[in-house]
Amino acid sequence: MTKAGESAVAGVISGLPEAQGVLCGSIVSGLRMQPGNWAGAYACWGTENREAAVRFIKGGPGAPHGGNVEVKVVDPSANPYFASATILGLALDGIQRNATLPVETTTDPAQLSDSDRLRAGIVRLAEAQSEAIAALDNSRLVRQILGDAAVDMVVAVRRHEQQFYGEFGAEQLTDKFRMAWSL
């Protein structure tokens with residue numbers, strides 16, 4: 001990665017806890033955002049690490065122009081325009097701050113001890129969608145990126161889901177929303 005690329009990835013990683021409500025904030029997103037689901041439940045990065053929230057994929061014969069970065073937490077419930085703008089805004093923030101890329105996570109972060117994760121700066125993303133929504137609502141950075149009106153709308157929709165479907169179990173949520181974002 002170039003220095004600017006490292007800063008961009010660092011910006012994305014540091015902003016994920018606030019941006020989670022945009023990227024995977026639906027009532028069913030929490031079912032997916034669990035360790036072991038390749039969903040990136042921990043805010044960290046790693047080369048070809050399917051459990052890291054940000055996965056760096058090296059360039060090679062199939063990618064002759066270089067590697068790429070995959071933000072694993074994004075799910076189909078995210079508005080693609082808001083998700084893209086948020087990721088690009090977080091990356092730009094990292095570049096502008098000259099953010100330092102954390103040490104690469106080379107293993108499944110769930111397999112590390114709490115003290116090892118703390119030492120490495122690896123943060124568990126919100127497990128409860130209400131926590132992700134509150135972090136988004138209180139995020140000055142995401143509000144700067146998307147604007148207050150957009151963030152307020154996303155928060156209102158996600159809170160509506162919580163109000164009407166928050167008592168549903170995993171099976172009921174899966175049945176209710178199975179095809180919601182598939183078309």
Side-chain angles (χ1 to χ4, degrees), residues 1-26 28-114 116-127 129 132 135-136 139 141-142 144-146 154 180-183:
M1 269 189 264
T2 64
K3 178 63 181 141
E6 289 180 2
S7 291
V9 171
V12 171
I13 293 167
S14 67
L16 283 176
E18 296 175 40
Q20 183 179 353
V22 172
L23 304 176
C24 60
S26 80
V28 294
S29 296
L31 300 175
R32 179 182 154 270
M33 286 297 298
Q34 301 298 318
N37 284 353
W38 292 0
Y42 291 91
C44 61
W45 78 280
T47 303
E48 301 292 344
N49 187 337
R50 293 179 189 270
E51 287 296 333
V54 178
R55 179 179 175 209
F56 180 68
I57 302 166
K58 292 181 181 180
H65 301 292
N68 65 69
V69 175
E70 176 184 12
V71 181
K72 304 278 297 175
V73 301
V74 179
D75 71 22
S77 72
N79 175 296
Y81 305 105
F82 287 167
S84 296
T86 299
I87 292 167
L88 291 171
L90 295 175
L92 179 60
D93 176 67
I95 292 168
Q96 290 173 335
R97 290 185 296 109
N98 199 27
T100 302
L101 187 64
V103 174
E104 179 179 7
T105 303
T106 59
T107 187
D108 178 352
Q111 301 302 315
L112 299 172
S113 68
D114 290 343
D116 286 342
R117 281 193 299 271
L118 182 64
R119 197 171 20 264
I122 299 171
V123 176
R124 173 72 164 95
L125 293 173
E127 296 180 54
Q129 293 312 100
L136 171 62
S139 174
L141 179 57
V142 179
Q144 179 183 347
I145 294 167
L146 295 179
V154 172
W181 301 285
S182 298
L183 303 175

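Throughout, residue positions are numbered sequentially from 1 according to the sequence presented.
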ask   = What do the steps show when you test Gln20 against Leu23 for side-chain contact (heavy atoms from CB on, under 4.5 Å), and what is the final call?
value = CA-CA 5 Å; Gln20 183 179 353; Leu23 304 176; 5.8 Å; no
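- Looking at Val154 and Phe82, their side chains come closer than 4.5 Å, going by heavy atoms from C-beta outward.
- Between Pro109 and Glu51, some side-chain heavy-atom pair lies under the 4.5 Å cut-off.
- Side-chain contact between Thr47 and Lys58: present, with at least one pair of heavy atoms (C-beta onward) separated by less than 4.5 Å.
- Proximity of Leu88 to Ile145: side-chain heavy atoms (C-beta onward) are nowhere separated by under 4.5 Å.
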key: Worked verdict on Ser14 versus Arg97 for side-chain contact (heavy atoms from CB on, under 4.5 Å)   = CA-CA 12 Å; Ser14 67; Arg97 290 185 296 109; 3.2 Å; yes
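- Taking the side chain as every heavy atom from C-beta outward, Asp108 and Asn49 never approach each other to under 4.5 Å.
- In this structure, a donor-acceptor pair under 3.5 Å is present between the side chains of Asp75 and Ser29.
- The shortest distance between side-chain heavy atoms of Val54 and Val73 does not fall below 4.5 Å.
- Within the 4.5 Å cutoff, the side chain of Lys3 has heavy atoms near those of the Ser7 side chain.
- Contact check for Trp45 versus Met1: side-chain heavy atoms found under the 4.5 Å cut-off.
- Considering only residues two or more places apart in sequence or on other chains, Arg55 meets the side chain to side chain donor-acceptor pair (under 3.5 Å) condition with Glu48, Glu70.
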